[in-house]
Asker: 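After the structure tokens below, expect a handful of questions from me.
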Amino acid sequence: MHEVKDLKSPLAPSQVTSESTATILRELVTHLRENRTQLRQEWAHRITEAKLLTAMSADEIFTEATAVYDQYVEALETGTFEALQAYARNLSERIIPRGVETHEVVGIVLLLRDVLARSLFAKYQGDFGKLNRILDAYEPAANRIANTVAVGFVQERERIIREQQEAIRELSTPVLQVRERLLILPIIGVIDPQRARQLTEQLLRGIRTNRAKVVVIDITGVAAMDSQIANHLVQTVEASRLLGATVIVTGLSPEIAQTLVNIGVDLGKMNTVGDLQGGIEGAERLLGYKVVPIGDNTKNA
Amino acid sequence: MAVPILKQGAFLIASIQSALTDTDLVQLRDALVGQVGSYRSRGVIVDVTALDVLDSFASRTLRDLAHMVRLRGAETVIVGIQPEVAFTMVRLGLTLEGVATALDLEEGLFYLNEKLRSTQQTTQ
């Protein structure tokens, strides 16, 4: 194709081609319609040969290929890409959960482009000027189609990723009641400002709904936090106090301890205990619980 | 709007029902500090459940109220701060330092009762 392009410029100056782009496109579309069955088959065959879309069966590939082919021809004919865009998004929605990768989608669209280009070469090999004009009309449209499909796929993927991130966030901030009036909030992973805000909201709401008196925030699973997040943690502790709950923070890593000291937290305001067990024991003391082994209990009774 | 002050045993309860102007707040503060003496109350509960904003003036007035009441020999507890209000206050640096807080009226009464009992025990 590069050779052709290199030859094209002296042979086919733009004013010659622009005059009949519409008719050329019409001719092109007619050609693609007439050879639909054969070209479609050729394409599906090349897809399987290139080991693309391995997650799908041959029948499925053929069905999708037919639909894409028709959309493709229609986009070429009308020059509008909305329908194709919608179809690409819909297709992505169906195939992303099955593990289809970006390179596969881009690959199949480029394959179709090549298959069609080849068929054009074959048809117009006798008339070089005509071939050039046809390719002039075909190439920009084909590239735009490939672009549209690829962008649609990537956008759909990003949307799914965003949704999943949201879901992970929701799941990753449980506020759990372990005893009457005692909540624990285990935090695992990286805390970004948005998650920090969500944590605070859920905790404060949890204090209200569970009528909690003591909250143990366990940050064993947090490797490090910057001063902004550390500040936020301190604010959460103070806000909880305003709701009448005492907060015990457990599992501070040495790095986090250093951060807290560096930002100059008033340690009188913050109750910290080494690990979650110690935190829960401390909370039980505050609430007036005493945990006694069953053996001892029966001896006393 | 004046805030009604209810006497409940050894405690005074002021339940704020609507947004208060600065003057109302100061009036409430003065009334409570005065009545702690006249009723020989041991504790004061200010219920702010109905407030969805606690600005710097309100926070300062409530803190002053608590400190003044303590100087008059009683305890104050602020109850019913909403979660959103609490976080906004903390962000603005209004943390009501040195003032007891509780979830709701019931908790506030429980807190004051405990406090009262422990002081009685130590004096006995």
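The chains referred to below are lettered A, B, ... by the order of the sequence lines, with proteins before strands, and numbering in each begins at 1.
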Asker: Hey, could you give me the CZ/CG distance between B:Phe87 and A:Leu243, rounded to the nearest 0.5 Å?
Answerer: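 Between B:Phe87 CZ and A:Leu243 CG, I get 11.5 Å after rounding to 0.5 Å.
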Asker: When only pairs under 4.5 Å are counted, which of B:Ile78, B:Val85, B:Val79, B:Leu103 shares the most heavy-atom pairs with chain A?
Answerer: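 Ranked by contacts with chain A, first place is B:Leu103.
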Asker: Tell me the ring-ring contact (aromatic ring centres under 6.0 Å, His included) pairs involving residues 234-270 of chain A, sequence neighbours left out?
Answerer: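 Qualifying pairs: none.
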Asker: Below 4.5 Å from any heavy atom of chain A, which atoms of B:Leu54 appear? Answer side chain, backbone, both or neither.
Answerer: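 Neither; nothing under 4.5 Å.
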Asker: Tell me, side chain or backbone of B:Val77 under 4.5 Å from chain A's heavy atoms, or both, or neither?
Answerer: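 The answer is neither part of B:Val77.
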Asker: Which atoms form the tightest heavy-atom contact between A:Leu242 and B:Ile81, and what is the distance?
Answerer: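 Here A:Leu242 and B:Ile81 meet closest at O-CD1, 3.5 Å.
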Asker: Nearest heavy-atom pair of B:Val90 and A:Ala239: which atoms, and what distance?
Answerer: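 Heavy atoms of B:Val90 and A:Ala239 come nearest at CG2-N, 3.4 Å.
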Asker: With a 4.5 angstrom heavy-atom cut-off, could you sort out which part of A:Ile207 is near chain B: side chain, backbone, both or neither?
Answerer: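 For A:Ile207, heavy atoms of backbone and side chain both lie under 4.5 Å from chain B.
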Asker: Heavy-atom count check: over 12 atoms from other residues, nucleotides or ligands less than 6.0 Å from B:Tyr39 OH?
Answerer: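 Open.
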Asker: Using only distance (under 3.5 Å, no hydrogens or angles), which donor-acceptor pairs connect chain A and chain B?
Answerer:
{"unit_1": "B:Ile81", "atom_1": "O", "unit_2": "A:Arg208", "atom_2": "NH1", "d": "3.4"}
{"unit_1": "B:Thr95", "atom_1": "O", "unit_2": "A:Arg241", "atom_2": "NH2", "d": "2.8"}
{"unit_1": "B:Leu96", "atom_1": "O", "unit_2": "A:Arg241", "atom_2": "NH2", "d": "2.9"}
{"unit_1": "B:Val99", "atom_1": "O", "unit_2": "A:Arg241", "atom_2": "NH1", "d": "2.9"}
{"unit_1": "B:Thr101", "atom_1": "OG1", "unit_2": "A:Arg241", "atom_2": "O", "d": "2.3"}
{"unit_1": "B:Leu103", "atom_1": "N", "unit_2": "A:Leu243", "atom_2": "O", "d": "3.3"}
{"unit_1": "B:Asp104", "atom_1": "OD2", "unit_2": "A:Arg211", "atom_2": "NH1", "d": "2.2"}
{"unit_1": "B:Asp104", "atom_1": "OD2", "unit_2": "A:Arg211", "atom_2": "NH2", "d": "3.4"}
{"unit_1": "B:Glu106", "atom_1": "OE1", "unit_2": "A:Arg211", "atom_2": "NH2", "d": "3.4"}
{"unit_1": "B:Glu107", "atom_1": "OE1", "unit_2": "A:Lys213", "atom_2": "NZ", "d": "3.0"}
{"unit_1": "B:Glu107", "atom_1": "OE2", "unit_2": "A:Arg181", "atom_2": "NH1", "d": "2.7"}
{"unit_1": "B:Glu107", "atom_1": "OE2", "unit_2": "A:Arg181", "atom_2": "NH2", "d": "2.9"}

Asker: Suppose the criterion is ring-ring contact (aromatic ring centres under 6.0 Å, His included): which pairs have a residue in residues 255-283 of chain A, not counting sequence neighbours?
Answerer: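 Qualifying pairs, neighbours excluded: none.
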Asker: Tell me the salt bridge (Lys or Arg N to Asp or Glu O under 4.0 Å) pairs involving residues 6-22 of chain B, sequence neighbours left out?
Answerer: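 Residue pairs passing salt bridge (Lys or Arg N to Asp or Glu O under 4.0 Å), neighbours aside: none found.
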